[in-house]
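Have a look at the structure below, then the notes.
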2 protein chains.
Amino acid sequence: MKQKTGVTIYDLATELNVSPSTVSRALQNHPSIGKATIKAVKELAVKRGYRLNSIAASLRKQQTNNIGVLVSWINRPFISSLISGAEEAARAAGFNVLISQSHDSLDNEKDNVKAFFESRVCGLVVSLAMETQDFEHFNRFLENGTPVVFVDRIPDHLDVQKVIIDNHAAAFKATQHLIDQGCKRIAHFGGALHQAIYRERLRGYKDALQANNLPLDDTIILHGDLLSADEGQKMTEFLLGLPNPPDSIFSANDTAAVSAIQFAKSAGVRIPEDLAIIGFNNDPLCMIIDPPLSSVGHPAADMGRIAVQQILQIKSAEGKLVPQTIMLNTAVIARASSLRKT
Amino acid sequence: MKQKTGVTIYDLATELNVSPSTVSRALQNHPSIGKATIKAVKELAVKRGYRLNSIAASLRKQQTNNIGVLVSWINRPFISSLISGAEEAARAAGFNVLISQSHDSLDNEKDNVKAFFESRVCGLVVSLAMETQDFEHFNRFLENGTPVVFVDRIPDHLDVQKVIIDNHAAAFKATQHLIDQGCKRIAHFGGALHQAIYRERLRGYKDALQANNLPLDDTIILHGDLLSADEGQKMTEFLLGLPNPPDSIFSANDTAAVSAIQFAKSAGVRIPEDLAIIGFNNDPLCMIIDPPLSSVGHPAADMGRIAVQQILQIKSAEGKLVPQTIMLNTAVIARASSLRKT
DNA sequence: CTGAATGCAACAATCGATTGCGCAAGTTGT
DNA sequence: ACAACTTGCGCAATCGATTGTTGCATTCAG
């Protein structure tokens, strides 16, 4: 006969002739419980296969063991890797991961944040929706002391915990790479400028040009709302139609860059000879497209992992921690789409 | 001054001069509560911003509002789409989605199932690990009446709820497509045969050959453990080295098919003239590779969505439902990699 | 040898919602 | 007018763990 509900601390308490509170404290190594008692309790707990009922604990503590992860779209290579890392880190620490997606809509983001709040997650990992420019909806978490860690797409003027890559440096390196390959007129596909990541990438691009004494030409700095394949194609079409087209493109994502390759090829433009291209993210696509797309690689899974670890740290520090920004390194991954020299 | 914990049914009860039990029942439209009372309770609930404390409810009911989703790898196009669909359906119904990945290891799968069980998920959506051949670890769920829905990679000899695609028909159609394009000697890349999906695909392939009076040659039926890019390349190399190489390949996934294209191209084999190729899954890669890869498309997001809906249905039916198998349709998506005729 | 400090553990309240049982007022039947 | 229902709702236990407070023994200092 199975006991539906499993062993409880009351069962253990009865068997050991102690009170449930003692059992509870013993299991948590509470200092006011004797060494011997702790040992006895723990041994019996193992013997009887005791398992904490996390729901009961959650009710009492008004907080679950679940970490919410809020992203724009799950089915994107970068995001799913990030989630993967977060999931592993959380599970390793005995936490569960709750997922939701904003579909890049602010309204969804707000709803989901609210749902997470009401389901009493013990921490939140967020990568903002493309639209998001105000952050009030996170206040309930911040106020009530629940750790929130922003990842990748972050609110840049807020003093909160962040895990990001060095977008400026990455963009600088990518641009410099093109310059090193002999490119002199480099176009840029950027994203919505209210998102810090795109602003930083633009800045890195500009700084690299300046550092190499190359002129800055605003007509070949283009911006997409979502940097979709469609936008990538239109932007490429525009560039190639210019009287003075660029000799290379630094795209702030791979999707648009791949699209650029496809369109350019179809237009008879040789890559990289006529047009060198480098993307951003190092999506799997990069190695499939012909020629293979150079890109900027970043540790997506690590970002997820670290974000979760940050949450756990903040929890254990109990608010004695000052929000910090963790910046991860990136690497230019050079492939045929940008390699002009052997 | 914010109330940390929010409004409870006790607050509503006090204000309305009824008992908490009445409030609880009213909110659930319990038949033994008067129409007027229900209305009054609900109105006040809205007015005071009452929110169910799901933890308390969970404790009492010994069950959460979380649906566990257990997959092999989150960061795969098919899987992440499936999760995306599941997440949307769950959220729409007021449930949360808990994610975990087996990394295709049976041990991980067991651990994660156990973790989900202990965290009292109210339902489980599973796509099996590649390794999995026994299913005892799901018994605790089945025994205790928690709905489990298997998706895509399913235990085929078990009488459980399943959501799958018609792998046999899909494989038949894909093979027939190659035949229609004039292919006469069609190779097959299959997966581990203890997984029903691969067995079915193989069967569909064979049946299509037979239906067209084409000979069956076991030397060009190859099997990969994971159908990775690496395996795809090796299998292609093997095929091209045969004295009598095939004129086409039906691969049970896109990864291996893309790899085949890449290797074949590098070996000077023309696609589709010398070698026509069709994959399976319709991953984004298909449209990136040159030539674009034909594939079998299936509704990944729908599978996730339907799986979650099944869970909800089973819950509401309270065990009065016989396990059924829902089979979704697929479509051959013909692209240049297999189109020999105009 | 006595008052104080210390170590260990029990009591009981609490978290918020759910639910079996029972009771009272109102309705119907005869 | 009395028994038999029906309708509507309250009481109190329960889910399992956590935690502030209290209390009993030892042990130690003076």
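A note on names: the letters A, B, ... follow the listed sequences, proteins ahead of strands, and every chain is numbered from 1. We use all heavy atoms of the structure for the numbers below, so side chains are in, but hydrogens, waters and symmetry mates are not.
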Mind calculating the distance between CD (A:Q63) and P (D:dG16) to the nearest angstrom? 22 Å
Does D:dA17 have OP1 or OP2 sitting under 4.0 Å from an N or O in the side chain of A:S21? no
Would a line drawn from the ring center of A:F150 to the ring center of A:F138 be shorter than 6.0 Å? yes
Looking at D:dG20, does its base get a donor-acceptor pair with the side chain of A:R25 below 3.5 Å? yes
Toward the 5' end of DNA chain D, which comes first, A:P20 or B:P31, by nearest nucleotide? B:P31
Test the B:R153-B:F78 pair against the cation-pi criterion, namely NZ or CZ under 6.0 angstrom from the six-membered ring centroid and within 45° of the ring axis. no
Report which part of the nucleic acid A:L52 touches: base, sugar-phosphate, or nothing (heavy-atom distance under 4.0 Å, all strands). sugar-phosphate
Heavy atoms only, 4.0 Å cut-off, all strands: where does B:S58 land among base, sugar-phosphate and nothing? nothing
Consider the side chain of B:T8, meaning its heavy atoms from C-beta on, and name the nucleotide among D:dC15, C:dG16, D:dC9 that approaches it most closely. C:dG16
Distance, rounded to the nearest Å, where B:L16 contributes CG and D:dG10 contributes P: 10 Å
Could you give the CZ-to-P distance, from A:R51 to D:dA17, as a whole number of Å? 12 Å
Specify the separation, in whole Å, of atom NZ of A:K61 and atom P of C:dC15. 16 Å
Under the 6.0 Å and 45° cation-pi test, does A:R91 pair with B:F116? yes
A:S32 side chain to A:H30 side chain, donor-acceptor N/O pair below 3.5 angstrom: yes
Rounded to the nearest angstrom, tell me the gap between atom NE2 in A:H30 and atom C1' in C:dA10. 13 Å
Verify whether one side chain among A:Q63 and A:S58 offers a donor that lies under 3.5 Å from an acceptor in the other. no
Value in whole Å for how far the P atom of D:dC9 lies from CG of B:L27: 13 Å
So, is B:S19 near the phosphate of D:dG10, with a side-chain N or O under 4.0 Å from OP1 or OP2? yes
Whole Å only: how far is the CD atom of B:E118 from the C1' atom of D:dA17? 16 Å
How close or far is atom P of C:dA9 from atom CG of A:L12, stated in whole angstroms? 15 Å
Side chain of B:I33 only, please: which of C:dA9, D:dA17, D:dC9 is the nearest? D:dC9
Comparing A:A57 and B:S32 on DNA chain D - which has the more 5′ nearest nucleotide: B:S32
Would you tell me if any nitrogen or oxygen in the side chain of B:S24 comes within less than 4.0 Å of OP1 or OP2 on C:dT18? yes
Position toward the 5' end of DNA chain C (nearest nucleotide), A:R60 or B:I9: A:R60
Side-chain N or O of A:Q62 closer than 4.0 Å to phosphate OP1/OP2 of C:dG16: yes
So what does B:V18 hit on the nucleic acid, given a heavy-atom distance under 4.0 Å: a base, only sugar-phosphate, or nothing? sugar-phosphate
Which class fits the ring pair A:W73 and A:H103: parallel under 30°, tilted 30 to 60°, perpendicular over 60°? tilted
Would you say a side-chain N or O of B:Y10 is under 4.0 Å from OP1 or OP2 of C:dT14? no
